[in-house]
Amino acid sequence: MAINKGYKAELRIKKQVVEECLKFEYPPREDLKVELAKSTAISFVWMARTRTPSNPKYQIESLYKDHYFLLHLKDESIRLTARTYDYQGLWQRLKSLILKINPKWNPDEADDTVGDALKVLVTKVKSKNDFSLYSSLPSYLGAICMNLCFAHYREEKKKTNPLKTLPKEYAPAAVTEEQLIMLAEVNQVVAADFLGLDEGCKKLLLSHYGWDQEKVATLKDASNDELKTNAQTLIQVSSKDEKPKTLVQLTNGKEKETTIRQRKNRCLTALSLKSIPTVVEILNNYDQGIEIKKMLEQRLRDKIAK
């Protein structure tokens, strides 16, 4: 019964969003306007499932412009103007994100990465007739930019790490105490941002990864002294009673697995966008930052939507 009510509520929201979109003056072709309105309605509902919009009209217009931009990528004959999309603003926003992730990069390197991210987007849009956007375009492209940045880290690591050629017996043993403290600080940032997510995302991620919310909260509230003396224990946030659940188990026979996966990816993307700038600042405070960045990119493989 509750599912039926939720489904009907979403249908009403979609209808309202479509009606709002049809008031826009662009594009002049009515069939394209209807197509954009429907796509915007789908994106709006997906985003509203994890966070109630504080300004629905602004978000509808913003998503409508995002879909107009995607339509331009599919068909370049559809004119893109400053009124229909703030392309320069999008570029600068992504560039700033990249420079926060890697402050050592120069602006030209950041520009190249933004360009590469847009190439990835164009390829996806043109190769998939059913390409769907379940977040805002800046968030989607931001995730692509982060993937590209950490792919760069991996390549640089291969080139500069002399341990790659050493026999196993000469490889460093376990994580050092300093690395463990850095890892605890990184996890503390993620824990704080995790607890700031909406209840739907927290419940989903706790169940999927088998985390214990009380342990996450304890890590978040730990003092600097506690992080230094008890790092190993604090970063162990797995639940003793609840085992991680697969996506199939999380459906409970009521939802599609793809629906749960998309929701999980949106939650992880939101978490990553919050945490990464602060995490990078932490890593830059340590001499062993390169090693910890390797740990970070491993975490991001599970946290960034692809």
Check whether any side-chain heavy atom of Lys38 lies under 4.5 Å from a side-chain heavy atom of Val34, and answer yes or no. yes

Any link between Ile144 and Val125 through a network of hydrophobic side chains (Ile, Leu, Val, Met, Phe, Trp, Tyr) touching at under 4.5 Å? yes

Taking C-beta and beyond as the side chain, do His152 and Thr113 meet within less than 4.5 Å on heavy atoms? no

Which distance, rounded to the nearest 0.5 Å, do you find between the NE2 of His208 and the CD1 of Ile260? 10.5 Å

Are any side-chain N or O atoms of Thr233 and backbone N or O atoms of Asn230, one a donor and one an acceptor, separated by less than 3.5 Å? no

Pairing residues for Phe69 by the ring-ring contact (aromatic ring centres under 6.0 Å, His included) criterion, not counting sequence neighbours: Tyr85, Tyr87

As an exercise, state the distance from CD of Gln92 to CG of Leu99, rounded to the nearest 0.5 Å. 9.5 Å

If you look only at pairs with a residue in residues 228-279, which of them pass as a ring pair (Phe, Tyr, Trp, His ring centres under 6.0 Å), with sequence neighbours excluded? none

Min side-chain heavy-atom separation Ile98-Lys95 under 4.5 Å: no

Would you find more than 12 non-hydrogen atoms of other residues, nucleotides or ligands less than 6.0 Å from Lys228 atom NZ? no

Those residues at least two apart in sequence (or on a different chain) that pass disulfide (SG to SG under 2.5 Å) with Cys201 are Cys267

Quick test of your reading: applying ring pair (Phe, Tyr, Trp, His ring centres under 6.0 Å), list the pairs with at least one residue in residues 186-207, sequence neighbours left out, ordered by first then second residue. Phe194-Trp211

How close do Ile235 and Ala184 get, heavy atom to heavy atom, and via which atoms? CG2-CA, 3.6 Å

Using every non-hydrogen atom in the two residues, find where Leu94 and Pro138 come nearest and quote the distance to one decimal. CD2-O, 3.9 Å

May I ask whether Ile60 and Leu22 are part of the same hydrophobic cluster, defined by side-chain heavy atoms of I, L, V, M, F, W, Y residues being less than 4.5 angstrom apart, directly or through others? no

Starting from Leu206, can I reach Leu195 by hopping between I/L/V/M/F/W/Y residues whose side chains sit under 4.5 Å apart? yes

The criterion is salt bridge (charged side-chain N to carboxylate O under 4.0 Å, His left out); which residues satisfy it with Lys256, sequence neighbours excluded? none

Nearest 0.5 Å, what's the OG1-NE2 distance between Thr84 and His72? 8.5 Å

Taking the ring centre of each residue, are Tyr64 and Tyr26 less than 6.0 Å apart? yes

Dump the intermediate steps for side chain to side chain donor-acceptor pair (under 3.5 Å) on Asp75 and Ser77, then the final yes or no. CA-CA 5 Å; Asp75 184 355; Ser77 65; 2.5 Å; yes

Minimum side-chain heavy-atom gap Asp66-Ser136 below 4.5 Å: yes

Could you tell me which non-hydrogen atom of Phe44 sits nearest to which non-hydrogen atom of Pro56, and how far apart they are? CE1-O, 4.0 Å

Do His67 and Leu70 come close enough that some side-chain heavy atom pair is under 4.5 Å? yes

Distance (rounded to the nearest 0.5 Å) between Gln59 CD and Ser43 OG: 9.5 Å

Flag the pair Leu197 / Leu205 as yes when at least one side-chain heavy-atom distance between them is below 4.5 Å, and no otherwise. yes

side-chain contact (heavy atoms from CB on, under 4.5 Å) against Lys126, all qualifying residues, sequence neighbours excluded: Glu76, Val122

Expected list for residues 236-246: side-chain donor-acceptor pairs under 3.5 angstrom, two or more places apart:
| residue | atom | partner | partner atom | Å |
| --- | --- | --- | --- | --- |
| Ser239 | OG | Asp241 | N | 3.2 |
| Ser239 | OG | Glu242 | N | 3.0 |
| Thr246 | OG1 | Gln249 | N | 3.2 |

Do Asn102 and Glu109 have side chains that approach each other closer than 4.5 Å (heavy atoms only, starting at C-beta)? no

Rounded distance (nearest 0.5 Å) linking atom CD of Glu226 with atom CG of Leu219: 10.5 Å

If you count the non-hydrogen atoms of other residues, nucleotides and ligands that lie under 6.0 Å from NZ in Lys74, is the total more than 12? yes

Residues at least two apart in sequence or cross-chain that pass salt bridge (charged side-chain N to carboxylate O under 4.0 Å, His left out) with Glu199, listed by chain then number, are Lys202

When you look at CG of Asn224, are more than 12 heavy atoms from neighbouring residues, nucleotides or ligands closer to it than 6.0 Å? no

Closest approach of Pro27 and Leu32, non-hydrogen atoms and distance? CG-CB, 3.7 Å

Drop me the distance from Lys8's NZ to Ile13's CD1, to the nearest 0.5 angstrom. 14.5 Å

For Glu61, enumerate each residue passing the salt bridge (charged side-chain N to carboxylate O under 4.0 Å, His left out) test, keeping only those at least two apart in sequence or located in another chain. Lys65

In one Ile/Leu/Val/Met/Phe/Trp/Tyr side-chain cluster, 4.5 Å: Tyr68, Leu137: yes

Which other residues end up in the same hydrophobic cluster as Ile42, if Ile, Leu, Val, Met, Phe, Trp and Tyr are linked when side-chain heavy atoms come under 4.5 Å apart? Trp46, Tyr134

Phe131: which residues meet the ring-ring contact (aromatic ring centres under 6.0 Å, His included) condition with it, sequence neighbours left out? Tyr140

With sequence neighbours excluded, tell me which residues meet salt bridge (charged side-chain N to carboxylate O under 4.0 Å, His left out) with Asp31. Arg29

Are the side chains of Tyr58 and Pro53 in touch, meaning some heavy atoms are under 4.5 Å apart? no

Looking at Ala37 and Val18, what are the two nearest heavy atoms and their distance? O-CG2, 3.8 Å

Assigning hydrophobic clusters by single linkage (Ile, Leu, Val, Met, Phe, Trp, Tyr; side-chain heavy-atom cutoff under 4.5 Å), is Leu148 placed with Leu121? yes

Donor-acceptor contact below 3.5 Å, side chain Glu10 vs main chain Val45: no

Exercise: identify the closest heavy-atom pair between Leu250 and Ser207: CD2-CB, 3.6 Å

